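Chain letters run A, B, ... following the sequence lines, proteins first, then strands; residues in each count from 1. Source: prediction; values computed, not measured.
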Amino acid sequence: MPELPEVETVRRGLAAVMEQRRVNKILVCRSDLRRPIPENFVEVLTGRTVVSLHRRAKYLLIKFDDDTVLLIHLGMSGRMVIDQMTENRTKKNTTYPLKAFSKHEHVIFSVGNGTIIRFIDPRRFGLMVLTTASELKCHPLLSSIGPEPLEEEFSGPGLAGSLKGRTMPIKTALLDQRFVAGLGNIYVCESLFKAGLSPRRKAYTVQKKRSVRLVKAIKEVLTQAVAVGGSTIQDHITPSGEIGYFQNQLKVYGLEGAACSVCKIPIKRIVQSGRSTFFCSGCQR
DNA sequence: AGGGGGACCTGTGCGC
DNA sequence: TGCGCACAGGTCCCCC
């Protein structure tokens, strides 16, 4: 699921229930995620107060009052479910024991006055590791990540410069977090469609006007996705409290064989670096 | 150094 | 209904 817009949506949802709240209790049901959850995880975080939530690429960063930072990646299948306990239930028993409801619930947090946050990740490609605010900049998981696409630092000339000499397809380059942060398979396909660029084009040929067009397309696609994700979250805070993932109006992703919305040619699916690419051979050159 | 391929996991949906 | 295979929105490590 989670590319930049989804992670940003999750960040906002979690910020609303976590910021300025104390971590009362943590239950780690499984610690063998992509990286093992550290031994001292529960000990370090219990009793801490959350100061703020941030996002870098597809990572969530949760800052605590003692300089500790919790780094979370949702992998392919990770999600956060927020369970706002009713006042009744809280009153009856404030030390209601934390309990997993499904076998893929790996970490459960109890924060503030009765909010339960469940990390669910069937494939266990996600991770949760601890670091500190001072070590954040040079943390190995973050240190080689490129510009944030929605920041000004991400520009046509900047992207063109980093693509110089790169013979890989532009599709592959955009998935590489060193060139631009936070894009995944869906938004790469959608951005290339919007920019009118073939996913097969060699990365180094994306220069000047093309790179400006591509950067503009990426920013537009992501901005729209974040906006819709934001509204989806409000509509979709269900009784169970699950955060709804944004459903975009996809133009090419997953639409093999469908008529292109612009030129009516059937959308193609090819495989690049072992992953599906969807594109319109009429619109994308 | 750059780039390709497989590995890591589990679930789902399809064709037979 | 059951089985096997292909595929899934992400990274990382190894090898050429």
Side-chain angles (χ1 to χ4, degrees), chain A residues 1-11 29-37 55-60 71-80 100 102-107 119-129 139-146 149 161-193 199-205 218 221-222 224-226 228-229 232 243-257 267-279:
Chain A
M1 284 269 167
E3 301 182 31
L4 184 152
E6 289 76 25
V7 178
E8 179 58 25
T9 300
V10 170
R11 185 194 71 76
C29 305
R30 271 196 90 144
S31 53
D32 56 335
L33 306 181
R34 192 173 100 223
R35 300 260 181 117
I37 291 179
R55 181 192 55 74
R56 174 77 174 110
K58 298 168 195 167
Y59 287 92
L60 282 170
L71 218 52
I72 301 176
H73 197 291
L74 300 175
M76 297 263 274
S77 57
R79 57 206 181 96
M80 293 287 185
S102 68
K103 69 169 173 171
H104 297 305
E105 226 168 286
H106 307 312
V107 184
F119 172 67
I120 301 172
D121 184 11
R123 292 175 77 176
R124 305 205 315 281
F125 285 171
L127 63 81
M128 284 199 191
V129 296
H139 194 283
L141 288 173
L142 303 178
S143 59
S144 55
I145 293 176
S162 67
L163 295 178
K164 279 213 174 87
R166 298 296 179 154
T167 57
M168 66 178 77
I170 185 64
K171 158 76 188 311
T172 307
L174 293 180
L175 282 176
D176 188 328
Q177 303 294 297
R178 289 173 302 176
F179 296 110
V180 54
L183 293 185
N185 211 23
I186 292 181
Y187 295 112
V188 166
C189 292
E190 294 297 315
S191 299
L192 286 170
F193 175 76
R200 293 196 268 224
R201 171 181 283 282
K202 303 256 191 201
Y204 66 78
T205 69
I218 290 170
V221 166
L222 293 179
Q224 192 203 343
V226 169
V228 179
T232 300
I243 291 176
Y245 284 114
F246 136 99
Q247 288 283 322
N248 197 5
Q249 297 290 51
L250 301 173
K251 297 280 205 288
V252 286
Y253 186 84
L255 295 175
E256 181 183 14
I267 301 296
K268 283 189 180 160
R269 174 182 174 273
I270 59 173
V271 174
Q272 296 177 288
S273 324
R275 315 196 59 191
S276 290
T277 300
F278 299 89
F279 71 109

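- No side-chain heavy atom of A:F278 sits under 4.5 Å from any side-chain heavy atom of A:L250.
- A:D176 places its CG atom 12 Å from the C1' atom of C:dG10, with the value rounded to the nearest Å.
- Rounded to an integer number of Å, the gap from A:R35 CZ to C:dG10 P is 18 Å.
- As judged by a 4.0 angstrom heavy-atom cut-off over every strand, A:M168 is placed among residues touching the sugar-phosphate backbone only.
- The separation between A:L141 atom CG and C:dT11 atom C1' is 10 Å, rounded to whole Å.
- When distances run from any side-chain atom of A:R34 to the nucleotides C:dG9, C:dA8, C:dT11, the shortest one goes to C:dT11.
- The structure places NZ of A:K202 at 12.5 Å from CD1 of A:I170, a figure rounded to the nearest 0.5 Å.
- Between A:I270 and A:F279 there is a side-chain heavy-atom pair separated by less than 4.5 Å.
- Counting non-hydrogen atoms under 4.0 angstrom, A:S276 reaches the backbone sugars and phosphates but no base.
- Using a 4.0 Å heavy-atom distance criterion, A:R178 is classed as making no nucleic acid contact.
- Distance A:R124 CZ to C:dA8 C1': 17 Å, rounded to the nearest Å.
- Heavy atoms of A:G75 sit under 4.0 angstrom from primed sugar atoms or phosphate atoms, though from no base atom.
- Straight-line distance from the CZ atom of A:R269 to the C1' atom of C:dA8: 11 Å, rounded to whole Å.
- The side-chain heavy atoms of A:L4 and A:V226, taken from C-beta on, include a pair separated by under 4.5 Å.
- Inter-residue side-chain proximity for A:H73 and A:L141 is flagged as unmet; no heavy-atom pair is nearer than 4.5 Å.
- Here the side chains of A:N185 and A:K171 are in contact, with some heavy-atom distance below 4.5 Å.
- The distance from atom CG of A:N185 to atom C1' of C:dC7 is 12 Å, rounded to the nearest whole Å.
- Taking the P atoms as reference points, B:dG5 lies 15 Å from C:dC7, given to the whole Å.
- Across all strands, A:I145 comes closer than 4.0 Å to no nucleic acid atom at all (heavy-atom distances).
- Rounding to the nearest 0.5 Å places CD of A:E3 at 5.0 Å from CD1 of A:I186.
- To the nearest 0.5 Å, atom NE2 of residue A:H104 and atom SG of residue A:C29 are 12.5 Å apart.
- Considering only heavy atoms from C-beta on, A:L174 comes within 4.5 Å of A:I218 through its side chain.
- Using a 4.5 Å heavy-atom threshold, the side chains of A:K58 and A:Q177 count as touching.
- For A:Q177 and C:dT11, the shortest distance from a side-chain N or O to OP1 or OP2 is below 4.0 Å.
- Residue ring and base: A:Y253 does not count as stacked with C:dG9 (centre distance below 5.5 Å and interplanar angle below 30° not both satisfied).
- Nearest-nucleotide positions on DNA chain C for A:E3 and A:Y59 put A:E3 closer to the 5' end.
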Per-residue pairing states of DNA chain C in dot-bracket (Watson-Crick or G-U under 3.5 Å; . unpaired, | other strand) read .|||||||.|||||||
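- Residue A:S77 is classed as having no contact, given no heavy-atom separation below 4.0 Å to the nucleic acid.
- Taking the P atom of each, C:dA6 and B:dG6 are spaced 13 Å apart, rounded to whole Å.
- First and last contacts of DNA chain B with chain A, using any nucleotide atom under 4.0 Å from a protein heavy atom and ordered 5' to 3', fall at B:dG2 to B:dG11.
- Here A:H73 reaches the OP1 or OP2 of C:dT11: one of its side-chain N or O atoms lies under 4.0 Å away.
- Distance CZ (A:R275) to C1' (C:dA6): 15 Å, rounded to an integer number of Å.
- Straight-line distance from the CG atom of A:L33 to the C1' atom of C:dC12: 16 Å, rounded to whole Å.
- Along DNA chain B, the nucleotide nearest A:P122 and the nucleotide nearest A:T172 are compared for position; the residue whose nucleotide lies closer to the 5' end is A:T172.
- Within the 4.5 Å cutoff, side-chain heavy atoms of A:V7 are placed close to those of A:L60.
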